[in-house]
Amino acid sequence: SGNGAIFRAQIFCGVIVQKYTKTAILLHWLMALLIGATFALGLTMVEIHGVTPTKLQYFSWHKWLGVTILGLACVRLLWRLTHATPAYPNIMPEWQKKIAGLLHGFLYAMFFAVPLAGYFYSLAAGVPVVYLGIFPLPVMMAPNPELKPILKELHEALSWLLMSGTSLHVLAALKHHFIDHDDVIKRIIP
């Protein structure tokens, strides 16, 4: 295309569909998988009563996944800023395009806000984050018992907001595929 856009085109059932790049598709699905796993692990670990070896291991895995998601979010944002996204179908109303843009922006914000809130919650609790049990992350604040419950609530609230936004994203994609019968979902399918 003449606008310098970087994306791929692929033929589905005789129709040319503009697609995200392979890197964008990989980052999308990898983050979706990791976010779902991290959320499920978070729900599981908080249901374990007391301090047990299993609960401590789950907390470590949850933090490691969160750090991984934060790193991938950085890569994904850089990729998104340097690579154009494929155009929406012409038949898609402008208001839906604007809502989709707002939802994508919200999800990107949550990719950063949720792990950062969890990181600062951990620091406020006096528990440094050691990625994969090997790499200590910077301790950017001293333990803070007053801030700890606030950051805990913030992390939980943002997590639920991320899952709500993700649910809307999935429902919209399914609506486009099964009701509108357009090619929106095909842009991100590997």
Side-chain angles (χ1 to χ4, degrees), residues 1-46 62 65-119 153-190:
S1 109
N3 65 1
I6 302 171
F7 49 79
R8 301 178 313 126
Q10 194 165 1
I11 298 177
F12 283 99
C13 300
V15 176
I16 296 176
V17 176
Q18 294 179 349
K19 293 182 61 79
Y20 283 94
T21 63
K22 289 180 182 180
T23 301
I25 292 170
L26 174 67
L27 288 168
H28 175 274
W29 291 108
L30 181 57
M31 285 188 66
L33 176 68
L34 293 176
I35 288 168
T38 306
F39 187 77
L41 186 57
L43 291 177
T44 302
M45 69 189 195
V46 298
H62 181 78
L65 287 169
V67 171
T68 302
I69 290 165
L70 183 60
L72 288 172
C74 292
V75 172
R76 189 169 176 186
L77 180 60
L78 286 172
W79 191 264
R80 179 81 182 248
L81 292 173
T82 58
H83 294 77
T85 59
Y88 287 112
N90 291 334
I91 60 171
M92 188 172 167
E94 283 301 315
W95 69 268
Q96 285 185 16
K97 293 176 186 178
K98 288 180 183 175
I99 298 261
L102 289 172
L103 182 56
H104 282 112
F106 172 77
L107 290 172
Y108 271 81
M110 292 297 102
F111 297 159
F112 290 92
V114 173
L116 286 172
Y119 172 66
E153 291 296 322
L154 178 63
H155 180 60
E156 289 176 3
L158 290 172
S159 296
W160 283 105
L161 283 173
L162 173 58
M163 294 317 296
S164 298
T166 300
S167 298
L168 283 173
H169 178 67
V170 170
L171 288 172
L174 293 174
K175 177 239 183 218
H176 279 283
H177 186 70
F178 291 109
I179 296 173
D180 297 342
H181 303 288
D182 60 26
D183 296 326
V184 168
I185 200 170
K186 293 176 184 172
R187 301 173 331 145
I188 200 70
I189 299 294

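- In terms of heavy-atom proximity, L158 sits nearest to A117 at CD1-CB, 3.9 Å.
- Atom-to-atom distance recorded for Y88:OH and E94:CD is 11.0 Å, nearest 0.5 angstrom.
- Here CG of L168 is found 13.0 Å from NZ of K175. Values are rounded to the nearest 0.5 Å.
- From T166, atom OG1 reaches atom CZ of F111 across 6.5 Å, with rounding to the nearest 0.5 Å.
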* Are I185 and H176 close enough, and set up right, to give a side chain to side chain contact (heavy atoms under 4.5 Å, CB included), and what steps lead you there? -> CA-CA 7 Å; I185 200 170; H176 279 283; 5.8 Å; no

* Audit row: H155, V114, side chain to side chain contact (heavy atoms under 4.5 Å, CB included) steps and yes/no -> CA-CA 6 Å; H155 180 60; V114 173; 3.7 Å; yes

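- For the atom pair CH2 of W79 and NE2 of H28, the computed distance is 16.0 Å after rounding to the nearest 0.5 Å.
- Heavy-atom minimum distance, F112 versus C74: CE2-SG, 3.7 Å.
- Here OG1 of T82 is found 9.5 Å from CG of L77. Values are rounded to the nearest 0.5 Å.
- Closest heavy-atom contact between V184 and M92: CG2-SD, 4.2 Å.
- Under the 3.5 Å distance criterion, the side-chain polar atoms of K19 are left unmatched by any main-chain donor or acceptor of P86.
- Taking every heavy atom of both residues into account, G66 and P115 meet most closely at O-CB, 3.5 Å.
- In terms of heavy atoms, L65 sits closest to T38 at CB-OG1, 3.1 Å.
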* To do: Start with the C-alpha gap between L107 and M31, add the side-chain angles, then the distance that decides, and say whether side chain to side chain contact (heavy atoms under 4.5 Å, CB included) holds.
  => CA-CA 11 Å; L107 290 172; M31 285 188 66; over 6 Å; no

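- Within the model, atoms OG1 of T68 and CD1 of I35 stand 11.5 Å from one another, a figure rounded to the nearest 0.5 Å.
- Between the side chain of H104 and the backbone N or O of A100, at least one donor-acceptor pair lies under 3.5 Å.
- Residues W29 and P190 approach most closely at NE1-CD, 3.7 Å, considering heavy atoms.
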